[in-house]
Every structure is written in C-alpha cells, then in structure tokens.
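In what follows, chains carry the letters A, B, and so on, assigned in the order in which the sequence lines appear, proteins first and then strands, with residues in each chain numbered from 1. The structure displayed is predicted, hence computed values, not measured ones.
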Number of protein chains: 2
Amino acid sequence: MNTRLRHDAIVRSLRRNGTLTVADLAQEVGASRRTVLRDISALRDEGFVIHSEPGRGGGLQLDPQSVQTTARLSVAEVFALLISVACMRAAGNLPFSGLADAGLAKIERALPSDKVRDLRRFLDCLYVGQLSPQVDISDMGVMEPALLPAFETAFLQRHHLGFQYRDAKGAVTSRIVEPQAMLILPPLWYLVGWDPVREDFRHFRMDRISRPKYLPNTSFRQRHVPFEDNIRPIRDLPR
Amino acid sequence: MNTRLRHDAIVRSLRRNGTLTVADLAQEVGASRRTVLRDISALRDEGFVIHSEPGRGGGLQLDPQSVQTTARLSVAEVFALLISVACMRAAGNLPFSGLADAGLAKIERALPSDKVRDLRRFLDCLYVGQLSPQVDISDMGVMEPALLPAFETAFLQRHHLGFQYRDAKGAVTSRIVEPQAMLILPPLWYLVGWDPVREDFRHFRMDRISRPKYLPNTSFRQRHVPFEDNIRPIRDLPR
DNA sequence: TCATTAGTGACAGAATTTGGCACTATTACA
DNA sequence: TGTAATAGTGCCAAATTCTGTCACTAATGA
C-alpha cells in the first residue's frame, strides 16, 4: 500500500470511528504500529489536528473541523472561483465571504506569482454596482463562453476587440473597441469600450455580444474610465 | 531531492523558460535525463499538458492554461465556496459559473462522502428568489458569524434554535423556532422558522438576529415549507 | 503496582526510486 | 543523403527511502 493511500485510509478510519488506538488503526490499514505512528506524525505536519491520550482507555481522535481536502485546479478554474466570491462580496452583505476568502487565498497562494499578477490586473478592470435596473429576465441572452477569454487577452495585451452587437431593437452591427472595463450590475454585465470611430465610450450588454475576437495586429494606450462613486472595483481580494 | 519537489521545480522551470530540452531540465533540477522523462510522464498523468517536439531544435513546452494549483481546504472553506457559487448561479445569468462549478466539483469529489451528504442536505433548505425588494442598504445590519454554524447544526440535528430578534421598529424579542429553511433575496437573507408558540411560520431577516444558539435538549420533526413558485432551492449543484 | 496506551530511536531488510546504458523514432540542417 | 540533436522506452544494478521489529520512556486509570 502506497503511503498516500494509507494516509487517506487513516483519516477515513478516524473520521468513521471517532476514537481509535494506534494498534486498531495498524490492524485496519494493514501496517505496523510504528508505521501508523509515523503516518500520524506526517498528517499532523500537514495540518490535521489529531488529539491523543496516553494510558488505559486512551487513543487517537481526529478533530473533525480540521478535515481537509485537496484538488488540482487549473488557472481558469481558480479565476472563476475568484470572480464568484469577489462578486458575491461586492454585491452585498453576504455571510461566509470571510471563509470563502480564506479558502481562495490558500488556492491563490499556490499559483505561480506571474499568473496572480495577471489575475489582479484583470480584476482591476471589473466594476460592480449595487443593484441592477429592473430587467426583464426573459429577454436576457446567454453570454458567449468565448467572450471572457477574448476580453481578458485583449485587455492584458492592449489589443482591440471586435464583435457583433445586437441592440435593444434587434439590429446587429459590427464593432471594434478598445476594451476598458467590465461593469457588473447583477444580473447584467456590461462591456465598457472606447469606440475609436465614434470617439466615445460605449457600454455593451454582454449577453448581446456575439463572435468576440481580439485583433492582435492592433494596439492602444490604456485610459482610465470615469466611473460613478457608487461603483467600485472588485479588486478588494483575499489577503 | 524529493519526487514532489522535483515535479514542482520542473513545472516552475518550464513556465519560466518557455521551451526547454530534457537535458536542460535534468541539469537544472539536478537529476538524470531518465528521471526527468519519468517525471514528465507523471506530470502528464496528473493533467499537465506538456507539448514536445523531437528532433533538432525540439524540446518540451508547458501549456500555460494547464498550470494547476493545489491547496488543502477545510470543510468549512469548501462549504463557503460552494454557497458562493451556488448563489451566484441561482441569482442570475452569470458567466464563469460553468468553470467555477468544474473547480468546485473537483474539490467536492475529494471530500469524505458523509460530509458531502451533510452539505447537500443543508443546501436543500436554502432557497433563492429572483430579486430583492428595494431595500435601504444603509439600514442593513451585519449578519452574525455564529449564525450560520448554529443554523446548520440546529437544522441537521433537528434542534430548536434560539436568538434575539430586532424588528423593523427596533424592538428586541427572544425567539425560539424550529429552523425550516433559509431564503435568499439578494442582498437580504431570511431565516424561515416554525414558531411553536405562535404556531405559525415566521420570516426573520438574518441581519437582525443576534446571539443565535441551538438548543441541544430539544428536538422536532422536520416539516415541508410551502414556498412560492418563483423561489427555487439552490440545490442544483456542480455534478 | 500493573496493564494499557502514546511516542521515540536504532537498525536490518524490503520496497521503491534513480542513474546509466542501449536502443528507436523524428526532425533540422549541411 | 548523412549527421547531429532531440523525445521517448526498456532493462538492470545501485542508491535511497520506507517499513517492521525491538527496546525503550512517559503517562494514565484501575
């Protein structure tokens, strides 16, 4: 039996049985008493809280609050979680956000630092407002999955972003803008872009954008976007 | 050097240098070419996408999108993340939720199954409505951190829940209820409880509850709560 | 006082990992 | 076309790590 598998088996067994002696555990996982003790020591090093009592009637007990889990997450998945929690927090008075932050901070800490820097730069351009205007939900489209990656790339690389836009009357036009920010007024998301042809800022409802595509042959110098006071970036992240 | 450490070193090195040959990597991490090749194979098994080109000028290249991170999360932290994403999804048309779900599903899969069962039972009692009534945000209090754990325990163990409640006029009363559900109408959260004294359901704004405490000496048989059609449980979770 | 339990240290044997080597397949370049 | 450079595989012995055994200490309850 693999060391890792044995560690898992020990944690499971402790969770199931409450209190166990080292000898019991050794029999259960099919290893020697010495090995189990070494495993317990390793688990404690990894952050599991295991109480122990020597003497008659003693044994080991796992603190259930310390039960932990691991998972390998890709950068995109971490990013999605990050946004979810940041929005939740920015959007209102929500419980758990402290705990969720703690969890995210742990995940984030494990990411390579340049990726974190990119994530933060990207989050700098996300703004959240207090409440959405009253919206007919049935009218809402679905945001294209490709939109966010395209926006992220265009924003970070300072490239122009092209797309098809369907306005409130249903008319479709082709647009090319310099992406400046994203504005979240739940449940609506807006893309804020500088339109170099019209020489003005424009807000686009993100569920009305289709076929987004960044244009790698173009580039621009980033500007600051003037936003109202009650809109704040969701920059305010764990740690 | 530990196998795990070497794997991390290889990933870091590939990220930093873009393209590297196996020989370069071997020198960098201080291991033999054969060992590095074995490590690459192991990393691929773990989900890292590593492109390779044989022949002159070839080498290895790590797909940056596949960079992964691990973290150990406690059950409470996973729970908090779970709620965040579930609420986000229930509250409206949001991007990323697919990705966030995928990340959460990975985390959840690694949890002990009895904990997952508890989480799901608890989430069954959470309901989310479409939009909040217009609320004076400045009037909103802060939810007590102890409230959720107390509610969770009371709900799962079917114990009564006692607390102090401050109504809209500011009058404070002591309440004891059988917790039935939680209702989320962002940004407000409500506790739905059966009041055995008044023999009726009562809704309590959670930011007006203080000193929550479950009463382990009491118990009750759980009832179904009649809810309107436009309120749906946020049960609809990853996987 | 005694049986029972956690915990430590040392050491030999078991198991796993590592390095070296010979090999194949692929590619760029002269 | 030939040659050097590269990824990748299989095999085996050496190096390293892990495991079990044993002897021990300390703490606890009966």
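- With the end axes of the helix from C:dT1-D:dA30 to C:dA30-D:dT1 each set by five pairs, the angle from one to the other reads 30° at 10° resolution.
- With rounding to whole Å, A:Ile40 atom CD1 is found 17 Å from D:dC18 atom P.
- Spacing between atom CD of A:Gln27 and atom P of D:dG20 amounts to 14 Å, rounded to whole angstrom units.
- Listed for the A:Tyr165 side chain is a donor-acceptor partner under 3.5 Å among the backbone atoms of A:Arg205.
- Rounded to an integer number of Å, the gap from NE2 of B:His7 to C1' of C:dT17 is 11 Å.
- Not one side-chain nitrogen or oxygen of A:Ser52 sits closer than 4.0 Å to the OP1 or OP2 atom of D:dA27.
- Taking atom CG of residue A:Asn2 and atom P of nucleotide D:dT17, one finds them 17 Å apart after rounding to whole Å.
- A:Leu37 places its CG atom 13 Å from the C1' atom of C:dG9, with the value rounded to the nearest Å.
- In this structure, CD1 in A:Ile209 is found 4.5 Å from CG in A:Leu191, a value given to the nearest 0.5 Å.
- Using a 4.0 Å cut-off, some side-chain N or O of A:Thr3 falls inside it from OP1 or OP2 of D:dT19.
- In this structure, B:His51 places its NE2 atom 18 Å from C1' of D:dT6, rounding to the nearest Å.
- Residues forming a side chain to side chain donor-acceptor pair (under 3.5 Å) with A:Gln164 (at least two apart in sequence, or on another chain): A:Ser174.
- Summarising the local packing, CD of B:Gln61 is surrounded by more than 12 heavy atoms from other residues, nucleotides or ligands at distances under 6.0 Å.
- In this structure, A:Arg56 has no side-chain contact (heavy atoms from CB on, under 4.5 Å) partners at least two apart in sequence or on a different chain.
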#### Entry: B/S/- contact track for nucleotides 19-30 of chain C, protein heavy atom under 4.0 Å
BBB----BBB--
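- Summarising the local packing, CD of B:Glu28 is surrounded by more than 12 heavy atoms from other residues, nucleotides or ligands at distances under 6.0 Å.
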Enumerate the protein-to-nucleotides 13-16 of chain D contacts in which both atoms are nitrogen or oxygen and the separation is below 3.5 Å.
none

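- Between the side chain of B:Arg44 and the backbone N or O of B:Ile50 there is at least one donor-acceptor pair closer than 3.5 Å.
- Using a 4.0 Å heavy-atom criterion, one finds that A:Leu60 contacts the sugar-phosphate atoms exclusively.
- Considering A:Val29, A:Asp24, A:Thr21 as possible partners of A:Val36, the one that fulfils the side chain to side chain contact (heavy atoms under 4.5 Å, CB included) test is A:Val29.
- A:Leu25 CG to A:Ile40 CD1: the interatomic distance, rounded to the nearest 0.5 Å, is 6.0 Å.
- Counting heavy-atom neighbours within 6.0 Å of B:Glu46 CD, excluding the residue itself, gives a total above 12.
- When rounded to the nearest whole Å, the span between CG of A:Asp45 and C1' of C:dG7 equals 14 Å.
- Distance, A:Arg4 CZ to D:dT19 C1': 20 Å, rounded to whole Å.
- Annotation: side chain to side chain donor-acceptor pair (under 3.5 Å) contacts of A:His160 (sequence neighbours excluded): A:Glu178, A:Thr218.
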